[in-house]
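Shown next, in structure tokens, is the structure this report addresses.
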Amino acid sequence: MKNKIQVIAETLVAGLLVFLLTISNLLSSLDYIARDKLYQMPRGIDSKIKIIGIDEKTMEKLGPIQTWSRENYALLLNKLNENNDAKPALVGFDIIFSGRVDEGDELLTEAAAKSGNVVVVNHLIYGKKIAKDNNELIVYQEVEGTEEPYDSLKAVCKTGFSNVAEDSDGVVRRIIPVEKYQSSDEKMFSRILYEEYCRITGTSPKSVPVDEFGLSLINYSGKPGDYEYISMSDVLDGKIDTRAFKDSIILVGAYAPGMQDNFKVPNGGSRQMYGVEIHANILQAYIQGRFAITGNPYLLAIITAVAAMLLYLLFRKLKLWQSLIVMLAAIVIEVVVLVNLNNRGFAFNIIYFPLILLLSYVYSIVMVYLLEKARKKKVLNAFKKYVAPEIVEEISKSGEFNVKVGGENRDIAVLFVDIRGFTTMSEALEPEQVVEILNEYLTLTTNAIFKNKGTLDKFVGDCTMAVFNSPFDLPDYEFKSVCAAMDIVNGGKALEKTLMEKYGRTVGFGVGVNVGPAVVGNIGCDFRMDFTAIGDTVNTAARLEANAKKSQVLISDVLYERLKDRIEVNPIGEIPLKGKSKGVFVYEVTEVHE
């Protein structure tokens with residue numbers, strides 16, 4: 001029940017985090033980075049849109065732009081329109097022609113009037129900020145005035161404002177198609193170009209979706225430098241065949257860093273984009289109808305929160321590699337869906353669902369690790385009751401923890417030890433005294449077994465069974481089994497004195513040790529199993545113990561042959577063992593050589 005409550009609580013936390021982060025856009029700077037990468041992928045530029053740039057080459061030829069006569073622009077227009085059969089469809093100047101300069105002003109007016117296809121910019125002057133956050137961290141301002149082209153030029157050209165809307169991080173991601181000023185609608189330069197293009201081509205202008213603040217998100221088609229660009233000086237010098245501009249939309253504007261008309265854009269990376277290029281992108285977005293507005297964050301928050309909770313529950317049931325596949329698939333699906341929604345006009349925050357999924361997955365990994373660690377600790381603690389603690393510690397450090405389920409053949413040493421005279425003694429003593437003596441005996445045998453790295457297999461009444469080299473490999477296990485037997489016998493002599501003093505009774509131990517192949521593993525049925533060893537080697541060790549006298553260690557001839565250079569023995573001779581057709585030659589161990 002406690003575990004279920006914990007899982008439910010964790011699931012609700014995952015959903016709540018997605019919901020709150022999505023509606024608050026707390027990590028907006030990170031979300032902008034992800035959206036810029038995914039929503040602003042290159043789509044291919046429109047070859048009809050071309051840029052004539054006022055670049056460094058042009059200013060080397062004509063001088064600083066502030067010193068120019070507007071006759072230069074008149075010459076450019078005349079050059080573009082010199083062939084009536086190859087005229088551009090539109091020419092847009094992203095240049096403020098405010099105030100009068102010289103006689104070149106009228107030349108430009110005459111050229112624009114003759115061309116009949118010129119659009120120029122004005123500039124909005126913003127005043128007091130009336131901003132609202134809208135979880136996008138955008139700053140809005142109020143229009144207090146405009147900077148217009150000089151009167152005669154304005155009379156023969158269409159005009160639109162050139163201002164672009166920068167987000168709080170200084171990146172141009174959106175436009176203001178229409179601004180209110182003195183009860184009139186001021187339209188954007190790119191919008192005017194688009195409407196003029198529709199008039200010329202006989203198509204109906206498409207509407208642009210705007211949010212509650214009158215803004216639309218730009219879906220950029222090209223990166224900085226993608227649109228075809230021609231130096232203005234090359235056009236004026238006649239180096240460009242003007243027939244290449246036939247039916248094109250020409251944008252004329254600053255194309256040099258020193259002109260301070262470059263901006264950070266979402267798909268530019270470390271490069272900035274000139275204002276004239278931004279207007280080219282906006283114009284293409286108008287032509288192709290590819291604007292978007294910020295979608296309802298509450299709708300997305302609810303959907304992704306529910307999805308995050310369901311996936312978290314799934315993570316708790318699946319294996320880690322399966323959870324990883326599910327998580328990656330969910331993130332890919334979210335990205336594909338949101339990119340398609342952006343292309344259809346609705347942009348949403350994109351990072352919070354993947355972020356919480358990733359955190360949920362990492363949390364699942366941590367929980368699996370902690371649970372596995374706790375399980376191993378529990379198992380290791382259980383093993384310490386059967387195996388020497390130092391062996392368990394070594395297993396824990398090395399991580400080698402493989403015990404075959406079912407069974408395996410291993411060469412092992414088996415030790416049996418029993419109390420001599422226990423039955424007679426138990427009849428003469430109180431039950432509490434019998435238990436105390438038995439506990440003293442079991443403590444002695446267990447310590448001796450663990451000291452020599454053996455595994456305590458089982459207690460059967462006053463008999464103890466131990467194995468060496470099972471379930472884990474044990475170097476020199478034959479010798480260690482005999483050392484354990486001698487430790488038990490020697491320790492029994494000291495225990496005899498103690499028992500005599502306390503109870504007036506003594507006990508002694510008989511020990512039998514054998515070595516050889518045995519089947520080691522989980523023996524039993526589905527509902528009751530025991531990890532033990534079975535086989536003739538085990539039976540022979542038990543028979544040797546049954547024939548051992550008080551304080552006597554009997555070993556088989558097989559074990560003696562393996563240790564004869566390291567132990568002192570008294571040959572007992574061949575004795576018959578119950579259950580065996582042939583006798584076994586037996587030795588009594590008197591001393592071991594450390």
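When a residue number appears, it is its place in the shown sequence, counting from 1.
Pairs engaging residues 317-337 under the side chain to side chain donor-acceptor pair (under 3.5 Å) rule: none recorded [sequence neighbours left out]. Under the ring-ring contact (aromatic ring centres under 6.0 Å, His included) criterion, the residue pairs touching residues 263-314 are Phe189-His279, Tyr194-Tyr286, Tyr255-Tyr274, Tyr286-Phe291, with sequence neighbours excluded.
By the side chain to side chain contact (heavy atoms under 4.5 Å, CB included) test, Asp473 pairs with Arg410, Asn469, sequence neighbours left out. Residues satisfying the side chain to side chain contact (heavy atoms under 4.5 Å, CB included) test with Leu320, not counting sequence neighbours, are Tyr361, Ile365, Val368. Not counting sequence neighbours, the partners of Leu341 by the side chain to side chain contact (heavy atoms under 4.5 Å, CB included) test are Val337, Leu338, Phe348. Under the side chain to side chain contact (heavy atoms under 4.5 Å, CB included) criterion, Lys264 pairs with Val171, Gln272, not counting sequence neighbours. In this structure Arg562 satisfies the salt bridge (charged side-chain N to carboxylate O under 4.0 Å, His left out) test together with Asp411, Glu478, sequence neighbours excluded. Remark: Asp226 pairs with no residue by the salt bridge (charged side-chain N to carboxylate O under 4.0 Å, His left out) rule, at least two apart or across chains. Lys187 is linked by a salt bridge (charged side-chain N to carboxylate O under 4.0 Å, His left out) to Glu195, counting only residues two or more places apart in sequence or in another chain. Here Thr11 pairs with nothing under the side chain to side chain donor-acceptor pair (under 3.5 Å) rule; sequence neighbours left out. For Asp46, the side chain to side chain donor-acceptor pair (under 3.5 Å) partners are Lys48, not counting sequence neighbours. By the side chain to side chain donor-acceptor pair (under 3.5 Å) test, Asn342 pairs with Asn219, sequence neighbours left out.
Heavy-atom minimum distance, Ala347 versus Tyr39: CB-CE1, 4.1 Å. Smallest separation of non-hydrogen atoms from Ser364 and Phe315: OG-CB, 3.6 Å.
At most 12 heavy atoms of other shown residues, nucleotides or ligands fall within 6.0 angstrom of atom CZ in Phe346.
Between Arg290 and the options Arg344, Gln284, Lys206, a side chain to side chain contact (heavy atoms under 4.5 Å, CB included) holds for only Gln284.
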